[in-house]
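Have a look at the structure below, then the notes.
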Amino acid sequence: MTNVCDYEGSLYRYDFWEGQGRDYENLVERIALRALLPPVGDVLIEIGAGYGRLADLYHGYQRVVLLDYARSQLEDAQAYLAHPERYILVVGDVYGLPFVDGLFDALTTVRVMHHLADVPRALAELQRVIRPEGVAVLEHASKHHLKAIGRWLLRRQTWNPFDLQPVEFVELNFDFHPRWVRQQLIGSGLRPEAVRSVSHFRIPLIKKLVPSHWLAALDGLAQLTGRWWQLTPSVFVRARAEKPPSGPPDGFFCCPVCRSADLTPQEMALACGGCGRHWRSDGGIYDFKTPLFSP
Ligand SMILES: C[S@@+](CC[C@H](N)C(=O)[O-])C[C@H]1O[C@@H](n2cnc3c(N)ncnc32)[C@H](O)[C@@H]1O
Ligand SMILES: [Zn+2]
């Protein structure tokens with residue numbers, strides 16, 4: 001088992017975003033996502049979607065899955081989203097996704113990778129569920145940004161921002177070197193094809209002096225330099241799944257324990273024909289974390 005950063009019961013929407021002076025960060029992340037994600041498609045999943053902050057960006061997709069490890073985040077999404085019924089809300093773990101192979105045309109994950117203790121294992125799962133040549137847009141926190149470099153040069157930070165290995169600065173909070181992430185993506189069969197460096201102006205004084213939408217527009221231009229260098233605290237990468245062509249996906253959900261796609265809807269549950277577990281599905285949420293019943 002890999003440890004997971006548990007947001008169950010967290011007030012992430014209010015404690016981190018709303019009224020917390022992060023309009024700029026929200027705007028620049030939306031610019032990057034819009035620029036990198038194909039605007040239309042069939043099935044899209046956001047992994048670690050939280051309360052659905054970015055979900056309105058996926059309106060060009062026929063089916064949109066918002067997956068999170070914390071059921072309470074998805075319950076918050078039901079309150080936050082204008083039309084929660086348009087989304088497929090799924091409680092699950094990135095290390096064992098409850099979907100059949102090659103299901104998704106597109107996949108996004110923003111502000112999640114920095115909580116992952118086992119990135120290669122998570123990337124292997126992403127690669128499994130995405131279709132051949134499908135697109136993944138992944139955001140990661142970077143250790144190789146100007147503030148960290150300055151702090152290190154002034155000896156006010158012990159870890160080296162140029163060292164490729166991830167740094168865990170607080171338990172289950174990691175910063176990654178963009179080159180290390182690139183290596184991991186390639187090693188997992190996800191071919192990087194575009195990079196945006198994001199949040200150039202995450203500096204309290206500048207954020208105070210310049211209106212957020214101006215600063216965000218400026219960052220949108222500066223993001224293009226990501227193809228040459230990455231010196232920002234956040235980096236977005238678009239990668240394509242390299243895998244042999246395959247037929248259409250064989251189903252939709254699969255049991256995260258035995259991988260069987262034989263899941264029979266019952267009252268308030270999906271019963272797995274493979275291992276007999278029952279996965280809760282009520283209140284508009286499919287829950288593949290803790291089985292209601294295990295044989
Ligand atoms: C910092 S929040 C970001 C939420 C959203 N992506 C956003 O940017 O507003 C991180 C989210 O990742 C989820 N998460 C962390 N580890 C996870 C895992 N192993 N599988 C699925 N979700 C995970 C948390 O529950 C939390 O909602
Ligand atoms: Zn099963």
Side-chain angles (χ1 to χ4, degrees), residues 1-18 20 22-23 25-30 32-33 44-58 64-77 80-81 89-100 107-119 121-126 129 137-141 170-174 198-199 234 236 251 253-264 269-279 286-295:
M1 266 288 284
T2 308
N3 281 347
V4 170
C5 188
D6 200 347
Y7 275 62
E8 195 61 51
S10 128
L11 295 177
Y12 179 62
R13 174 179 167 190
Y14 302 102
D15 288 351
F16 194 81
W17 289 107
E18 292 187 5
Q20 300 298 327
R22 290 199 173 87
D23 290 353
E25 283 81 354
N26 182 38
L27 289 169
V28 296
E29 289 171 17
R30 300 172 79 82
L33 202 47
L44 174 145
I45 182 168
E46 180 176 348
I47 310 260
Y51 66 90
R53 176 174 66 97
L54 302 166
D56 60 295
L57 296 177
Y58 310 137
V64 175
V65 176
L66 303 181
L67 177 135
D68 203 277
Y69 190 77
R71 185 182 177 94
S72 66
Q73 286 300 309
L74 298 175
E75 288 166 350
D76 289 352
Y80 174 73
L81 297 168
L89 304 179
V90 178
V91 182
D93 186 351
V94 70
Y95 297 119
L97 293 169
F99 305 102
V100 298
L107 179 158
T108 66
T109 187
V110 178
R111 290 183 177 263
V112 178
M113 213 197 269
H114 71 280
H115 288 317
L116 300 183
D118 193 343
V119 170
R121 195 172 152 213
L123 293 182
E125 267 301 86
L126 304 192
V129 298
V137 179
L138 306 111
E139 183 273 349
H140 71 85
V170 172
E171 196 187 359
L172 286 175
N173 281 265
F174 302 85
V198 174
S199 259
S234 171
F236 278 64
F253 288 124
C254 78
C255 172
V257 175
C258 75
R259 290 270 166 93
S260 168
D262 174 15
L263 294 169
T264 309
L270 294 176
C272 175
C275 68
R277 285 179 175 78
H278 286 202
W279 300 103
Y286 295 94
D287 193 334
F288 288 97
K289 201 159 86 180
T290 316
L292 283 177
F293 168 77
S294 287

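For ligands, and for the atoms within them, numbers begin at 1 and follow the listed sequence.
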Can you confirm, on distance only, whether ligand 1 has an N/O atom lying under 3.5 Å from any N/O atom belonging to [X]?
X: Gly48; answer: yes
X: Asp93; answer: yes
X: Arg53; answer: yes

Quick check against the 3.5 Å criterion: does [X] have a side-chain atom that pairs as donor or acceptor with the backbone of [Y]?
X: Glu139; Y: Arg111; answer: yes
X: Ser260; Y: Gly273; answer: no
X: Glu46; Y: Val64; answer: no

Side chains of Arg121 and Thr2: does their closest heavy-atom pair fall under 4.5 Å?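 When only atoms from C-beta onward are counted, Thr2 and Arg121 do touch, with a gap below 4.5 Å.
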
Anything under 30° is parallel, anything over 60° is perpendicular, the rest tilted; go ahead and classify Tyr286 against Phe253.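 Correct class here is tilted.
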
Anything under 30° is parallel, anything over 60° is perpendicular, the rest tilted; go ahead and classify Phe288 against Trp279.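 Phe288 vs Trp279 ring planes: tilted.
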
Show the nearest heavy-atom pair for residues [X] and [Y], with the distance to one decimal.
X: Tyr7; Y: Tyr12; result: CE2-CD1, 3.8 Å
X: Asn3; Y: Leu172; result: O-CD2, 3.8 Å
X: Tyr69; Y: Val91; result: O-CG1, 3.6 Å

Test item, [X] contacting ligand 1 (heavy atom, 4.0 angstrom):
X: Ile47; value: no
X: Gly92; value: yes
X: Glu46; value: yes

So which of Tyr12, Tyr51, Tyr7, Tyr95 gets nearest to atom 3 (C) of ligand 1, if we judge by its closest heavy atom?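 It is Tyr12 whose heavy atom sits nearest to atom 3 (C) of ligand 1.
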
Could you name the option among Val4, Val91, Asp68 that has the heavy atom nearest to atom 13 (C) of ligand 1?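 Looking at heavy atoms only, Asp68 sits closest to atom 13 (C) of ligand 1.
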
Kindly report the SG-the Zn ion (ligand 2)-SG angle for Cys272 and Cys258 respectively, rounded to 10°.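 Between SG of Cys272 and SG of Cys258, at the Zn ion (ligand 2), the angle is about 90°.
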
Among protein heavy atoms, which lies nearest [atom], and at what distance?
atom: atom 20 (N) of ligand 1; result: Val94 N, 3.0 Å
atom: atom 10 (C) of ligand 1; result: Arg111 O, 3.4 Å
atom: atom 22 (N) of ligand 1; result: Tyr69 N, 3.3 Å
atom: atom 15 (C) of ligand 1; result: Cys5 O, 3.7 Å

With a cut-off of 4.0 Å, which atoms of ligand 1 are near a heavy atom of Gln73?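 Numbered from 1, ligand 1 contributes 27 (O).
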
Please work out whether any backbone atom (N, CA, C, O) or any side-chain heavy atom from C-beta onward of Ala122 is under 4.0 Å from ligand 1, and answer side chain, backbone, both or neither.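 Contact part for Ala122 vs ligand 1: neither.
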
